[in-house]
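In what follows, a structure is listed as structure tokens, so that the remarks can point back to it.
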Amino acid sequence: MVAQNESVKCSVDAILAAWIHIRRGCYHQTGMSQQKIRVRFAPSPTGLLHVGNARTALYNWLFARRTGGDFLLRIEDTDVERSDARFESQLYDDLRWLGLDWEEGPHSGQPNDGPCGPYRQSERLEIYRAHTEQLLHEGKAYRCFCTAEQLEAERTAAIAAQQPQVYSGRCRALSDAESARRATAGESFAVRLRIPDAPLRFDDIVRGPVEFAAEAVSDPILVRSGGMPVYNYVVTVDDALMGITHVIRGDDHLSNTPKQVAIYHAFGWPLPRFAHLSTILGPDRTRLSKRHGATSLASFREMGILPEALANYLALLGWGAEGGTRETFTLPELTQAFTLERVTPSPAVFDPQKLHWLNRHYIKQAAPERIATLARPAFVQTGWLPAQTDNAAIEAWFAQVVALFAPSVDQLDQLPQKARFLFALDAQTAAAEPENAAVLATEIAQSVLKDFAARIAALPAPVTPEAFKDVMNAVKAATGAKGKDLFHPVRIALTGAHSGPEFDKVIPLVETGSRLPLPTPVASVQTRAAQSLLQRPSA
RNA sequence: GGCGCUAUCGUCUAGGGGUUAGGACGUGAGAUUCUCAAUCUUAAAACACGGGUUCGAUUCCCGUUAGCGCUACCA
């Protein structure tokens, strides 16, 4: 209220001063001659970055990189209640993790974070106020003294009459003198934009020409009676002042766009190009949300989804490469292939299975040491690996463990479960498992195990794959067992399951692991074989 | 209710006035393996519906239906 009254008394000088401030900071962008493409990602720090917004950020970034333009970050924190600095810094981490960087914005590394700063809306309030003064001064906007009750009544009447909800325009007709008198008298007011009676049009890059009737927009509120500017207003002012040439955002903003177009018109600013991206849906075809499970970048990272897999998947979700037969793209490849014209307008269902397929693809492509580093913390947490990484032998061994299991995993967080038998094989529990029990109950299985254990025990300490193979052949000859009858009991004895990776790979890992100073000792092949004899179902 | 957006296999998509409507994920079958995974081969699987325009429409236009969004002094 107080601030508002002060601003009303604000002189033209003050407006000019604000303009000079703005122009000094951003002259080269607001000039008409500039050609350089500038896009922005403008999230609210009210929660974790989710895949929908991440895709929007990615498409903006891709477009900027493809065209040699600038990618800017702007924090929309005018909702003080819901905004949290914690989410803001998390946001930077998430974007960097995905592989995105930005020329301007908080933490851009530039002095002042860039020439068009500040990049937090909460720090730009003075700029908005100067622009509101200009609009009021030029008669492009007017004070609205209507109360919430009056507006509510109009709205319910409109709904009852099955008419569009439009503002009656009561305060539109107020004379300047009357308006000024009531404002000076201390009556509270909002500021509304005066919309000309003409259709509002724009050409959307993904949807084509779009037109809204002026009455559908009504005279939108620019500034609340508390003096706080509304979202559609500040977004437009910021986009214009920051020289944004292409507004790429979610299509939930499509219906907001005519309001913003009207604001551009009021200021006489050139319209940017708009590109409205389709919604990402859950399997039930409703907007993807927490209800559908993990949707934040942070959760995907924790699950062990590789950033390049997520970026690739998100790129494919709502965009089709020319030709339509290629599925895997690295970020650099995407910046070559991406065009806004090929963005699809229809909503897309998020498919975790395809994400997993891409993740497996990139896990196999990745350097084994990188995967080991990513997977390591989970193994420390289970107590299977030491927290320190100073033992080179352990690290080399662990890299082999990861290399063996990683190709068969959708997400890296499934690795500990896959490798569990190395560290924690409980012979009793394994034998009790129904499928295993059925195998072990047979006579042939018992004789195989008995013979196997005896032969393994007689071997010199580190059992080599070759020695193991010899033992298996000997057991085969002695017991007459072959194929599954031979391998399944042995596999259960050694790994606790009748399926798993090849013995050639498992044996060396077990033997090497058993000689390493690990927090949880790895049982050797011989120990495992000996224990298997204790599993006999009926003694 | 009003306004707007959208509509090709289950899913993501390519295509486009005349095509055997292509690819990928997933699914089924086979090969391989002691087994699982991986891999390879292979199969099934789509133009929402109704009207136009046209020699011809899945493609262009209109409508219907369905889904979604906006309809706030939220962002």
Side-chain angles (χ1 to χ4, degrees), chain A residues 42-44 46 76-79 81-83 121 144 146-148 151-152 155 158-166 188-192 204 206-208 210-213 215-218 220-232 234-235 250-259 276 278-279 281 283-287 313 316-328 342 344-358 360 364 404-405 407-410 418 439 472 481-492 495 497-503:
Chain A
S44 300
T46 56
E76 313 229 316
D77 58 350
T78 49
D79 188 338
E81 289 293 300
R82 294 194 296 152
S83 293
Q121 290 185 330
C144 175
C146 294
T147 63
L151 296 173
E152 185 57 36
R155 213 176 355 258
I159 291 172
Q162 305 200 349
Q163 293 293 308
Q165 302 173 39
V166 289
S188 88
F189 60 86
V191 176
R192 283 185 188 270
D204 194 281
V206 345
R207 278 147 221 284
V210 185
E211 179 180 307
F212 287 79
E215 70 160 15
V217 174
S218 193
I221 300 265
L222 261 25
V223 182
R224 282 168 245 178
S225 51
M228 200 63 171
V230 304
Y231 167 80
N232 281 303
V234 300
V235 156
D251 74 351
D252 47 332
H253 290 292
L254 191 66
S255 305
N256 287 327
T257 307
K259 284 181 199 170
H276 286 96
S278 67
T279 318
L281 309 176
D284 58 355
R285 303 206 72 92
T286 65
R287 177 179 276 266
Y313 179 68
L316 256 27
L317 194 63
W319 170 82
E322 193 165 2
T325 56
R326 182 163 171 202
E327 304 288 334
T328 57
R342 297 193 62 83
T344 45
S346 51
V349 175
F350 189 87
D351 179 11
Q353 289 187 311
K354 186 145 186 181
L355 208 211
H356 282 149
W357 174 74
L358 279 165
R360 289 199 300 269
K364 284 176 222 159
L404 179 61
F405 295 106
S408 66
V409 106
D410 292 331
K418 290 273 181 187
V439 172
M472 290 304 277
K482 59 181 181 183
K484 293 180 187 181
D485 286 342
L486 174 66
F487 277 87
H488 278 193
V490 170
R491 184 173 280 285
I492 292 168
T495 72
H498 64 274
S499 70
E502 299 157 44
F503 279 123

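Keep in mind the model is a prediction, meaning the values are calculated, not measured. Numbers restart at 1 for each chain; the letters A, B, ... are given by sequence-line order, proteins then strands. Heavy atoms only: backbone and side chains are in, while hydrogens, waters and symmetry mates are out.
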Separation between the [atom1] atoms of [N] and [M], rounded to whole Å:
N	M	atom1	value
B:A45	B:C5	P	35 Å
B:U42	B:G22	P	14 Å
B:G16	B:U59	C1'	5 Å
B:C62	B:U6	P	12 Å
B:U71	B:U64	P	24 Å
B:U27	B:A46	C1'	16 Å
B:U53	B:U13	C1'	29 Å
B:C55	B:G1	P	41 Å

A side-chain contact here means heavy atoms from C-beta on lying under 4.5 Å apart; do A:D252 and A:T279 qualify?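 Side-chain contact under 4.5 Å: no.
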Taking the side chain as everything from C-beta on, heavy atoms only, tell me whether A:L355 gets closer than 4.5 Å to A:F350.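 In contact.
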Nucleotide of [options] approaching [X] most closely (side-chain heavy atoms):
X	options	result
A:V210	B:C12, B:G4, B:A75	B:G4
A:V349	B:C12, B:A75, B:A38	B:C12
A:E76	B:G26, B:U39, B:A75	B:A75
A:D79	B:A75, B:C73, B:C34	B:A75
A:Q165	B:U11, B:U71, B:A37	B:U71
A:S346	B:G23, B:A75, B:U6	B:U6
A:N256	B:U35, B:A75, B:G26	B:A75
A:P345	B:G4, B:A7, B:A75	B:A7

In terms of heavy-atom contacts, A:A348 and A:S278 come closest through N-OG, 4.3 Å
How close do A:F405 and A:K418 get, heavy atom to heavy atom, and via which atoms?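 Answer, listing the atom of A:F405 first, then A:K418: CE2-O, 3.5 Å.
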Nearest-Å distance, [atom1] ([X]) to [atom2] ([N])?
X	N	atom1	atom2	answer
A:L358	B:U11	CG	P	19 Å
A:N232	B:C70	CG	P	12 Å
A:K418	B:A37	NZ	P	9 Å
A:L486	B:U35	CG	P	12 Å
A:K484	B:C36	NZ	C1'	11 Å
A:L317	B:C25	CG	C1'	12 Å
A:E211	B:C5	CD	C1'	15 Å
A:E502	B:U32	CD	C1'	11 Å

Would you indicate, yes or no, if [N] has its OP1 or OP2 atom less than 4.0 angstrom from a side-chain nitrogen or oxygen of [X]?
X	N	value
A:R287	B:G69	yes
A:Q353	B:A24	no
A:R342	B:G15	yes
A:R155	B:C73	yes
A:R285	B:U6	no
A:R491	B:U33	no
A:S278	B:U6	no
A:R224	B:C74	yes

Mind checking [X] for me? I need base, sugar-phosphate or nothing, with any heavy atom below 4.0 Å counting as a touch.
X	answer
A:R360	sugar-phosphate
A:T344	sugar-phosphate
A:G500	base
A:T46	nothing
A:H356	nothing
A:F350	nothing
A:G318	sugar-phosphate
A:L254	sugar-phosphate
A:S408	sugar-phosphate

By nearest-heavy-atom nucleotide on RNA chain B, the more 5' of A:P501 and A:E327 is A:E327
Can you work out whether A:P407 or A:R82 has the more 5'-proximal nearest nucleotide on RNA chain B? A:P407
Just jot down the ring-ring contact (aromatic ring centres under 6.0 Å, His included) partners of A:F212, sequence neighbours excluded, or say none. none
Would you kindly check whether a donor in the side chain of [X] faces an acceptor in the base of [N], or vice versa, at under 3.5 angstrom?
X	N	value
A:S225	B:C73	yes
A:R207	B:C5	no
A:T325	B:G22	no

Donor-acceptor pair between A:H276 and A:T257 side chains, under 3.5 angstrom: yes
Before accepting this row, confirm whether a basic side-chain N of the pair A:R207/A:D251 lies closer than 4.0 Å to the acidic partner's carboxylate O.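 Yes, A:R207 and A:D251 are salt-bridged.
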Please confirm whether the ring centroid of A:Y313 lies under 6.0 Å from the ring centroid of A:H356. no
Donor-acceptor pair, distance only, cut-off 3.5 Å: does the side chain of A:S218 make one with the backbone of A:E215?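 Not at all, since once roles are kept as given, no pair shorter than 3.5 Å links the two residues.
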Whether A:H488 and A:H498 hold their rings parallel, tilted or perpendicular, with breakpoints at 30° and 60°: tilted
Do we see A:W357 stacking on the base of B:C25, given a limit of 5.5 Å between centres and 30° between planes? no
